[in-house]
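Data first, discussion second: the structure below is written as structure tokens.
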Amino acid sequence: MQHEVLQFSHYANKHIHLGVCGSIAAYKSLELMRAFIKNSIHVSVTLTDAAKQFIQPLSFEALGASKVYKGLFQNEMPFDHLEPGQLADAMLIAPASANTLANLAQGLSHEMLACQALAFDGPILLAPAMNPKMWANPATSANIETLLERGFFMTEPEDGIMACKDEGQGRLAQLEKIYYDTLALLTEQDFYGKKILITLGPTMEKWDAVRVWTNNSTGSMGTALAISAWLRGAEVYVVAGPVKQYMPIDPHFHRFDVTSADEMYATCHDLWQKMDMGIFTAAVADFKPQAGIEQETNYTENFDSIKFKKENYAHGFHIRFTPNFDILKSIGAIKQAHQKIMGFSAESGDSIENLSLAIHKKLQTKNADLIVGNFLNEAMGTKTNRVLITDKNGNEQEWKTMSKADLAWNLLSYFESI
């Protein structure tokens, strides 16, 4: 996978049955399986006869699949074609070939995987991969339409250059996309119908044509919250500063990329009226350089168009800063009775007492419903976090160190409950 995916302890001991069809992309299913197993999800596997021409069952067994089913009538237990339907919580076929799509649409069962799919009454996700002309063929389109009408789920293939050098739609979707789409099938949709605004990452404030004032926030906490909320059925609106985090590509996941605090402020206010919840994790710069650099001579230049060269400022120069808008406070001031706000407070030092004072003060001044406090040295650039939380009902809790994925999941549950 090109990006590291989140691992949630929520999915431990779930069971996915993975079907693999004949495609040059078959080898990618190994990486998908490893991601599920790393998440403590049990994975069983069935390869079609065509898939075995590209990759061997032993590869899946060696990486932890249990069990790997063989073909029909190959000395298997008599009910192996029924077993995944009895044991697995969801089924994923990736890559799914045109032949397998046709078999499923027509109810054919001459291969083990087709039998297992026909006998599976849980959710089934199809991730097709094939030549663009095969994908565009009316027969394939009709089969897909039939399967979707019957309740199958689909992660559509992407555009790109194929192994045969043809170009068009047919490449297996990004593994991250398939991974999260599969997790969504295992997830209770307890946030269905909610619209949630989430800010994340740093802001960048220009002080000349090429240089910026910023911080080292990665946006990982906000991303974990956004993905968790989306997995649980929410329609998510992410306002992201400059970050490289992977986020799902989905009609219910909206991403707005911004650079400065002013841009983040404007975007949040444009979106807020239709939101049910707001979660503000962004490490917004509290100050921005004024328009121009003031030297001892009081000469000022416009930093939007000038790159300041050191040979022109041998004695240095002064930059005057002015406060940015307080996004959380401004949203809190217009919050309606049906809306809820979660804010974050990152503090230096390691005093729980000082952190407690800070989050209680922010709860009141920002008109928030929940404030999550953490220490800078434990939060920024890390995969884990330890937090102190306080809510509008006067409760305060200290939570032990956990992964940001699990913290996000738990925070959403708590936020919904207050």
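Quick caveat, the model's predicted, so the values are computed rather than measured.
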Shortest non-hydrogen contact from [X] toward [Y]:
| X | Y | answer |
| --- | --- | --- |
| Phe344 | Lys362 | O-NZ, 3.3 Å |
| Ala163 | Ile24 | CB-CG2, 4.1 Å |
| Ala96 | Met130 | O-CE, 4.0 Å |
| Ile359 | Ser345 | CG2-CB, 4.0 Å |
| Asp369 | Ile341 | OD2-N, 2.8 Å |
| Phe375 | Gly349 | CD2-O, 3.1 Å |

Closer than 3.5 angstrom, by distance alone: can the side chain of [X] be matched with the main-chain N or O of [Y] as a donor-acceptor pair?
| X | Y | answer |
| --- | --- | --- |
| Gln273 | Leu271 | no |
| Asn143 | Ala105 | no |
| Glu347 | Gly373 | no |
| Thr182 | Ile178 | yes |
| Asn395 | Asp391 | no |
| Glu205 | Phe287 | no |
| Ser29 | Ala26 | yes |
| Lys194 | Asp276 | no |
| Asn385 | Met221 | no |
| Gln339 | Trp272 | yes |

[atom2] on [Y] to [atom1] on [X], rounded to 0.5 Å:
| X | Y | atom1 | atom2 | answer |
| --- | --- | --- | --- | --- |
| Thr187 | Asp89 | OG1 | CG | 10.5 Å |
| Met275 | Ile198 | CE | CD1 | 10.5 Å |
| Leu6 | Asp406 | CG | CG | 9.5 Å |
| Glu263 | Met204 | CD | CE | 11.5 Å |
| Leu200 | Thr223 | CG | OG1 | 4.5 Å |
| His360 | Leu388 | NE2 | CG | 7.0 Å |

**Request:** Report the C-alpha separation of Ile418 and Asn393 in whole Å, then their side-chain angles, then the decisive distance to 0.1 Å, and conclude whether the side-chain contact (heavy atoms from CB on, under 4.5 Å) test is met.
**Result:** CA-CA 8 Å; Ile418 59 174; Asn393 300 318; 4.1 Å; yes

Return yes when atom [atom1] of [X] has more than 12 non-hydrogen atoms of other residues, nucleotides or ligands closer than 6.0 Å, and no otherwise.
| X | atom1 | answer |
| --- | --- | --- |
| Lys177 | NZ | yes |
| Phe325 | CZ | no |
| Lys329 | NZ | no |
| Asp190 | CG | yes |
| Asp159 | CG | yes |

Flag the pair [X] / [Y] as yes when at least one side-chain heavy-atom distance between them is below 4.5 Å, and no otherwise.
| X | Y | answer |
| --- | --- | --- |
| Val387 | Glu378 | no |
| Val212 | Thr259 | no |
| Tyr69 | His17 | yes |
| Glu396 | Ser356 | yes |
| Cys268 | Thr199 | yes |
| Arg386 | Glu398 | yes |
| Lys14 | Leu183 | no |
| Val236 | Phe191 | no |

**Asked** Does the pair Lys404 and Thr382 meet the rule for a side-chain contact (heavy atoms from CB on, under 4.5 Å), with working shown?
**Response** CA-CA 9 Å; Lys404 288 183 176 177; Thr382 66; 3.7 Å; yes

**Asked** Going through the checks in order, is the side-chain contact (heavy atoms from CB on, under 4.5 Å) test met by Thr218 and Val243?
**Response** CA-CA 6 Å; Thr218 63; Val243 294; 5.8 Å; no

**Item:** Polar contact flag, side-chain donor to acceptor under 3.5 angstrom, Asn39-Tyr179
**Value:** yes

Relative to each other, are the rings of [X] and [Y] parallel, tilted or perpendicular (30° and 60° limits)?
| X | Y | value |
| --- | --- | --- |
| Trp409 | Tyr11 | perpendicular |
| Trp213 | Phe321 | tilted |
| Trp399 | Tyr414 | perpendicular |

**Prompt:** For Lys195, which of His252, Glu235, His254 qualifies under side chain to side chain donor-acceptor pair (under 3.5 Å)?
**Reply:** Glu235

**Message:** Run Leu355 and Glu353 through side-chain contact (heavy atoms from CB on, under 4.5 Å) and show every step you take.
**Reply:** CA-CA 5 Å; Leu355 183 60; Glu353 292 76 14; over 6 Å; no

**Request:** Inspect the contact between Glu83 and Lys67 and indicate whether a charged nitrogen and a carboxylate oxygen are less than 4.0 angstrom apart.
**Result:** yes

